[in-house]
2 protein chains.
Amino acid sequence: MQTVRKDIHNSDLPVLCQSCEARHQGICGALRPEQLQQLSKATRRVHRGEGEELIADAMPIDSYANVLRGVVKLTKVLEDGRQQVVGLQFAPDLLGRPFASESRVTAEAASDVDLCVIPRPALESMLKDSAPLEHRVMMQALRELDEARDWMVTLGRKTAAEKVASFLYLIASHIDPTEEGAATTFDLPLSRSDIGDFLGLTIETVSRQISKLKADGVIEIVSYRHVTVPDLARLRVRCG
Amino acid sequence: MQTVRKDIHNSDLPVLCQSCEARHQGICGALRPEQLQQLSKATRRVHRGEGEELIADAMPIDSYANVLRGVVKLTKVLEDGRQQVVGLQFAPDLLGRPFASESRVTAEAASDVDLCVIPRPALESMLKDSAPLEHRVMMQALRELDEARDWMVTLGRKTAAEKVASFLYLIASHIDPTEEGAATTFDLPLSRSDIGDFLGLTIETVSRQISKLKADGVIEIVSYRHVTVPDLARLRVRCG
DNA sequence: CGGTTCTTTGACATTAGTCAATACCAGTGG
DNA sequence: CCACTGGTATTGACTAATGTCAAAGAACCG
């Protein structure tokens, strides 16, 4: 099947899908050209600015979306307003909880994002017909579960210093998946406040730990949002 | 399909499966009788005592298992020995990470457990043939993901008192899913040390918070492992 | 019973949070 | 181009929460 797909000429594919990342590593990679054609009739690309809410907690889900560019943060809040970021999604992740009547998280654009919005009935009917598609969705769910459990260790057992190092390492390896030891430079997709909500820390503690990493030469702060890591391995050992 | 299954006489089913919880709410409920017959040829029931390791972290997975009775805890450890419980599994959950070459957690019997062990090839070949089975596995993965994210809020943003109340509430609602407000009594499946590892707290802090809940009349400690909750709603409000 | 393990409790140390002041950067309009 | 302004981030002083170490008390198991 893989070879069949490879041999198909791009012109069989919807124009918008031809250069789309979701078609390769995302869920659309599980679809045959005619299925993609069909699905693409229902989808539309949209842009959302930083801070825009994409999915509200406890609201009916009326659409899913492929993340094409940017970072989406998933958060939960306690009644008194305490907030926790429970996940980050990057291209080409599928956004939206499959097979649930309502969302259990709030999804918000952490940076400017491009999405390919898929109406709920369109995706769900295709899921019923396509076992490979459902398989990809499951593989993403399992990967997210692995990531959530990794993060539980960070939240439950690491010190503030280790938490901040772990966060920077996570972002660095997502943005720029080069080999260990190499220098990397990147923009943080989250404000200090979001980082705190991700790590279960206050903004002040995050700031202090970043300053400490800077003082120790592990990172360089080009500007608030722009960081350089001269040696990823040195950051790695700070992760606990 | 559901009605078809209901009409089948129990004698069509493997003897061991007839009274098995996994056949109803667990993954086996997705199988037709002849599939269940076939699968049951490869499975075997085993008992494991409290504290026994069921799956080792970073080891090849050679089998899956349905939890039939008891509680399994999933843990991860940092190099220096700090430990975090990242999940609990109850009957009729499927134990084992599907589609991964190695486990990413350690699974250990938190109490005495009964398992129905399924060799890896047996389950994976059946997963390939049965979309309904894969669907059930996905639904479990999604549920575990929801639970993991709920727990991230507890780990990241709740106080020690709220964490302990949340843990007791979690156990109470799993063991005895009666309505709110009712009295419940149950055995804790975890030691204080495990509870600490689940909540990201030390054993002493767990103990102090339990003592405090007892002093406030929210819970009664019959013995170390045996707890009575006179009013679940009063416990609920302590969860933050 | 008597030993072993687990749990509780207390005194103290450490970490992270809170509150408050200052510094920084980014955008706006003079 | 520069000064102003609002939001964001950093830093400092102090407080509160949780962890650490140590000892005593309960439960469990022959």
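The interatomic distance linking B/Asp197 (CG) with C/dC6 (P) rounds to 13 Å, in whole Å. In this entry the distance linking CG of A/Leu199 with C1' of C/dA16 reads 13 Å, nearest Å. Taking atom CZ of residue B/Arg208 and atom C1' of nucleotide D/dA24, one finds them 14 Å apart after rounding to whole Å. We find that NE2 of A/His226 is positioned 18 Å from C1' of C/dC24, with the value rounded to whole Å. C/dG27 atom P lies 13 Å from atom OH of A/Tyr224, rounded to whole Å. B/Ile203 has its CD1 atom 17 Å from the P atom of D/dA23, to the nearest Å. Atom CZ of A/Arg82 is separated from atom C1' of C/dT18 by 15 Å (rounded to the nearest Å). The CZ atom of A/Arg225 sits 7 Å away from the P atom of D/dA9 (whole-angstrom rounding).
Using a 4.0 Å cut-off between charged nitrogen and carboxylate oxygen, B/Asp216 and B/Arg238 count as a salt-bridge pair. Looking at B/Asp197 and A/Arg157, a side-chain N of the basic residue comes within less than 4.0 Å of a carboxylate O on the acidic one, giving a salt bridge.
Between the side chain of A/Glu108 and the backbone N or O of A/Leu54, no donor-acceptor pair lies under 3.5 Å. A donor-acceptor pair under 3.5 Å is absent between the side-chain atoms of B/Arg69 and the main chain of B/Asp114, judged by distance alone.
A sub-4.0 Å separation between OP1 or OP2 of D/dG19 and a side-chain N or O of B/Thr205 is present. Within the 4.0 Å cut-off from OP1 or OP2 of D/dT10, at least one side-chain nitrogen or oxygen of A/Arg192 is found.
For the pair A/Ile221 and B/Glu204, nearest-nucleotide mapping onto DNA chain D gives the more 5' position to A/Ile221. Positionally, the nearest nucleotide of DNA chain C for B/Val206 lies more toward the 5' end than for the other of B/Val206 and A/Gln209. Judged by closest nucleotide on DNA chain C, B/Lys214 is the one of A/Ala161 and B/Lys214 placed further toward the 5' end.
Residue A/Ser211 is classed as a sugar-phosphate contact, given heavy-atom separations below 4.0 Å to backbone atoms only. A/Gly196 comes within 4.0 angstrom of no nucleic acid atom, judged by non-hydrogen atoms across all strands.
Contact check for A/Val227 versus A/Ile221: side-chain heavy atoms found under the 4.5 Å cut-off.
Distances were taken from every side-chain heavy atom of A/Thr159 (C-beta onward) to each of D/dT11, D/dT18, C/dA16; the shortest belongs to C/dA16. Which of D/dG19, D/dA9, C/dG17 sits closest to the side chain of B/Leu201 comes down to D/dG19.
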